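Worksheet: the structure to be examined is printed underneath.
Below, chains carry the letters A, B, ... as their sequence lines are ordered, and counting in each starts from 1. Bear in mind the structure is a predicted one, so any value in this text is a computation, not a measurement.
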2 protein chains.
Amino acid sequence: MRFSKQRELIKNIVQTTNLHPTADWIYKKAKKNISNISLGTIYRNLSQLNQDGIINIIYDNNKARYDWNTVSHDHLKCNKCGDITDIHMHTEELQKKVWNQYKFEADNIEINITGICNKH
Amino acid sequence: MRFSKQRELIKNIVQTTNLHPTADWIYKKAKKNISNISLGTIYRNLSQLNQDGIINIIYDNNKARYDWNTVSHDHLKCNKCGDITDIHMHTEELQKKVWNQYKFEADNIEINITGICNKH
DNA sequence: ATAGTAATAGGAATTATTACTATTTATAAA
DNA sequence: TTTATAAATAGTAATAATTCCTATTACTAT
């Protein structure tokens, strides 16, 4: 992968927020530095960074969100404010359980919990 | 809720498959009965049926899928064939744990597991 | 049966994402 | 340094997924 200042910027934006931003949010933020950056560049680089294991993609309803946290983890999503919080809920045990019960070879486990967060 | 033959048809389509179909799949199937049915009608009724607790919505990457199974459950998704299988993995305990650890009032918990299923 | 009205339908519009192409740029070899 | 070249970019068009808008229709009370 060749260097590009656009990719560096995009990576930096994702890695310095806990907001699980959407492509559009990242696009707006990136434009402040590179005013003619294209939305296609945002999407291309985000999926490239994801493929290289540098960032994670999570799906919030029908929108992709991007997460600097590449360690397998779980999410709490608040129905009131929409905030998404990273948590650790699942253990290695779960993977074994899935294998024993269903002969399913799990490579990723994600627990998504919706409800009301502690700010309300 | 007023009767409509479109909604009856849509409900019936969802309730007679285990394929976790997308809106588009349901649309194509529905057109065989009501040829001028609109995709908007599909979406509107699917979310209405969901709100009334008659069907469930699950999110597979950035696509909504619809499930007749309204009891809280979890999913195995095979990376090879794309098949989604309903399983039961989470327990009431998890909800309590989320409350104790994060003071988060969970109303829905869903464990999504990807990997290779027992057909491969 | 008819009129009133709120729910529903179909189709248009919007939003999110991907694809395409001409141009620019990072990198490596001469 | 210059040159070759493959990868990346901006800009735009296309596609996919979902929501919005206005005419129509099911249902209720007369």
**Request:** Under the side-chain contact (heavy atoms from CB on, under 4.5 Å) rule, what do B/Thr85 and B/Lys77 come out as? Steps first, then yes or no, please.
**Result:** CA-CA 7 Å; B/Thr85 310; B/Lys77 167 150 192 210; over 6 Å; no
**Request:** List the steps and the verdict of side-chain contact (heavy atoms from CB on, under 4.5 Å) for A/Asn56 and A/Tyr66.
**Result:** CA-CA 6 Å; A/Asn56 247 189; A/Tyr66 301 86; over 6 Å; no
**Item:** Worked check of salt bridge (charged side-chain N to carboxylate O under 4.0 Å, His left out) between A/Glu8 and A/Lys5
**Value:** CA-CA 5 Å; A/Glu8 284 305 298; A/Lys5 64 177 179 185; over 6 Å; no
**Request:** Just do the side-chain contact (heavy atoms from CB on, under 4.5 Å) check on B/Ile42 and B/Ile37 with the steps written out, would you?
**Result:** CA-CA 8 Å; B/Ile42 304 290; B/Ile37 198 169; 4.1 Å; yes
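In this structure, A/Met1 places its CE atom 15 Å from C1' of C/dT27, rounding to the nearest Å. When rounded to the nearest whole Å, the span between CG of A/Asp60 and P of C/dT17 equals 11 Å. The separation between A/Tyr59 atom OH and C/dA16 atom C1' is 12 Å, rounded to whole Å. Look at CH2 on B/Trp25: it is 19 Å from P on D/dA16, rounded to the nearest Å. B/Gln48 places its CD atom 14 Å from the C1' atom of D/dA26, with the value rounded to the nearest Å.
When atom types are taken as modelled, the side chain of B/Asp67 and the backbone of B/Asn69 share a donor-acceptor pair closer than 3.5 angstrom. Judged purely by atom type and a 3.5 angstrom limit, B/Thr17 has no side-chain atom pairing as donor or acceptor with the backbone of B/Val14.
Nucleic acid contact for A/Ala64: sugar-phosphate only, since backbone atoms but no base atoms lie under 4.0 Å from a heavy atom of the residue.
Taking the side chain of B/Asn62 as heavy atoms from C-beta on, and the options D/dA8, C/dA9, C/dT17, the nearest nucleotide is C/dT17. Comparing atom distances between the A/Arg2 side chain and each of C/dA9, C/dT27, C/dG10 picks out C/dT27 as nearest.
A/His75 is linked by a ring pair (Phe, Tyr, Trp, His ring centres under 6.0 Å) to A/His20, A/His73, counting only residues two or more places apart in sequence or in another chain.
The shortest heavy-atom contact between B/Met89 and B/Asp74 is N-OD2, 2.8 Å. Residues B/Ser38 and B/Tyr27 approach most closely at C-CE1, 3.9 Å, considering heavy atoms.
The phosphate of C/dG10 (OP1 or OP2) has a side-chain N or O of B/Gln6 nearer than 4.0 angstrom. Between A/Ser4 and D/dA7 there is no side-chain polar atom (N or O) within less than 4.0 angstrom of OP1 or OP2.
Contacts between residues 38-46 of chain A and DNA chain D, defined by a heavy-atom separation below 4.0 Å, involve A/Ser38, A/Thr41, A/Arg44, A/Asn45, listed by number. A heavy-atom distance below 4.0 Å to DNA chain C is reached by these residues of residues 28-36 of chain B, ordered by number: B/Asn36.
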For residues 96-112 of chain A, tabulate all N or O donor-acceptor pairs below 3.5 Å that involve a side-chain atom, not counting sequence neighbours.
residue: A/Asn100; atom: ND2; partner: A/Lys96; partner atom: O; Å: 3.3
residue: A/Asp107; atom: OD1; partner: B/Thr114; partner atom: OG1; Å: 3.0
residue: A/Asp107; atom: OD2; partner: B/Asn79; partner atom: ND2; Å: 2.9

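Between B/Lys80 and B/Cys117 the shortest side-chain heavy-atom distance does not fall below 4.5 Å.
Scanning DNA chain C for stems, defined as runs of 3 or more consecutive Watson-Crick or G-U wobble pairs whose donor-acceptor distances all fall under 3.5 Å, gives the following ranges: C:1-30 with D:1-30.
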Write out a two-atom table: protein N or O, nucleotide N or O from nucleotides 28-30 of chain D, distance below 3.5 Å.
none

